[in-house]
Amino acid sequence: MSDQEQTPKAPPKSARRRAREFVLQGLYQWRVGGADEAAIEAYAPEMEGFAKADREFFVGTLRGVIGQQAALSERIGAHIDRPFTDLSPVEASVLLMGTFEMINHPETPYRVIINEAIELTKAFGGTDGHKYVNGVLDKIAGGVRADEVAARRKGR
């Protein structure tokens with residue numbers, strides 16, 4: 001067997017998943033490097049793979065998270081065990097993005113948002129960061145999407 005036959009090919013990434021990756025990278029640049037929204041939006045299209053991303057979702061989410069960051073971090077702060085500023089930049093950015101999406105994109109099931117956040121944290125964050133992100137976003141979903149969470153638990 002060749003190497004190609006042994007390794008199953010990962011399914012192609014959706015345009016929205018790609019957009020989330022670029023939002024995460026942009027938020028990281030914003031939090032760590034101090035880049036502003038305009039600089040991030042100007043730079044992102046030059047990055048490899050951006051043409052396959054959902055540009056509208058990218059711009060809306062990036063602008064939304066930056067614009068609502070105080071309210072989002074306050075909501076997150078109610079569910080974490082340390083000051084928001086002490087979170088790693090990747091975990092903080094993923095939590096901001098996931099919380100924003102839960103509030104502003106009710107058409108996306110909360111479990112999809114949490115699963116996407118877990119995958120991003122696994123890919124870009126620390127070893128067990130995804131477990132922390134999962135727990136926090138699950139608590140946030142209980143408040144933001146109480147009916148959806150209750151219906152899902154009832155259907156188990």
Side-chain angles (χ1 to χ4, degrees), residues 2-77 79-80 82-141 144-145:
S2 72
D3 286 339
Q4 219 170 14
E5 291 173 32
Q6 291 177 0
T7 308
K9 189 173 180 182
K13 292 179 185 176
S14 71
R16 188 155 284 189
R17 173 168 281 189
R18 288 177 189 274
R20 285 184 185 100
E21 289 177 356
F22 289 110
V23 170
L24 175 58
Q25 292 173 42
L27 292 174
Y28 187 90
Q29 292 168 353
W30 170 66
R31 288 187 60 84
V32 175
D36 65 12
E37 188 179 290
I40 296 164
E41 285 183 39
Y43 175 71
E46 298 172 14
M47 296 173 72
E48 185 179 336
F50 188 81
K52 294 180 180 178
D54 180 337
R55 184 181 182 91
E56 185 179 328
F57 182 81
F58 167 78
V59 170
T61 303
L62 180 70
R63 290 179 183 176
V65 169
I66 292 173
Q68 298 174 23
Q69 72 91 25
L72 295 170
S73 58
E74 186 177 319
R75 185 179 293 268
I76 294 163
H79 302 287
I80 58 177
R82 59 193 144 200
F84 184 79
T85 53
D86 288 354
L87 295 176
S88 81
V90 170
E91 288 173 8
S93 296
V94 170
L95 287 170
L96 287 167
M97 184 170 43
T99 302
F100 173 83
E101 195 172 350
M102 252 188 244
I103 294 167
N104 295 283
H105 289 278
E107 74 282 2
T108 306
Y110 84 96
R111 287 303 316 160
V112 170
I113 295 168
I114 291 175
N115 288 337
E116 290 286 314
I118 289 168
E119 293 305 315
L120 285 170
T121 309
K122 282 180 178 178
F124 297 102
T127 305
D128 286 331
H130 67 282
K131 294 175 186 175
Y132 189 76
V133 164
N134 181 27
V136 173
L137 287 178
D138 198 50
K139 290 175 188 169
I140 290 170
V144 175
R145 304 266 189 107

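Just so you know, residue 1 is the first one in the sequence shown, and it goes up from there.
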TODO: Scan for ring pair (Phe, Tyr, Trp, His ring centres under 6.0 Å) pairs involving residues 14-53, sequence neighbours excluded, and state none if there are none.
DONE: F22-F50, F50-F58

Looking at side-chain heavy atoms only, is the closest gap between [X] and [Y] below 4.5 Å?
| X | Y | answer |
| --- | --- | --- |
| V59 | E41 | yes |
| V136 | E91 | no |
| I114 | R111 | yes |
| I66 | L27 | yes |

Point-to-point distance, once rounded to the nearest 0.5 Å, from [atom1] of [X] to [atom2] of [Y]:
| X | Y | atom1 | atom2 | answer |
| --- | --- | --- | --- | --- |
| Q25 | F124 | CD | CZ | 5.0 Å |
| Q69 | I76 | CD | CD1 | 9.5 Å |
| E119 | K13 | CD | NZ | 10.0 Å |
| L24 | M97 | CG | CE | 5.0 Å |

Taking all atoms of both residues into account, what is the closest heavy-atom pair of [X] and [Y], and its distance?
| X | Y | value |
| --- | --- | --- |
| V133 | A117 | CG1-CB, 3.9 Å |
| M102 | L137 | CE-O, 3.5 Å |
| R145 | P106 | NH2-CA, 3.5 Å |
| S93 | P89 | OG-O, 2.8 Å |
| I113 | G98 | CG2-O, 3.6 Å |
| G64 | F100 | CA-CE1, 3.4 Å |

Task: All side-chain hydrogen bond (donor to acceptor under 3.5 Å, both in side chains) counterparts of E116, not counting sequence neighbours - done: R17, R20

Open item on the list: Check D128 with K122, please: is the shortest side-chain N to carboxylate O separation under 4.0 Å?
Closed with: no

Task: Full working for side chain to side chain contact (heavy atoms under 4.5 Å, CB included) between Y132 and L87 - done: CA-CA 10 Å; Y132 189 76; L87 295 176; 3.6 Å; yes

- [ ] Would you indicate whether E107, at its atom CD, is surrounded by more than 12 heavy atoms from other residues, nucleotides or ligands within a distance under 6.0 Å?
- [x] yes

Task: R75 atom CZ, neighbour heavy-atom count above 12 within 6.0 Å - done: no

Task: Steps toward side chain to side chain contact (heavy atoms under 4.5 Å, CB included) verdict (I103, L72) - done: CA-CA 10 Å; I103 294 167; L72 295 170; 3.9 Å; yes

Open item on the list: Please check: side-chain N/O of S73 versus main-chain N/O of A70, any donor-acceptor pairing under 3.5 Å?
Closed with: yes

TODO: Check step by step if side chain to side chain contact (heavy atoms under 4.5 Å, CB included) holds for D54 and R18.
DONE: CA-CA 7 Å; D54 180 337; R18 288 177 189 274; over 6 Å; no

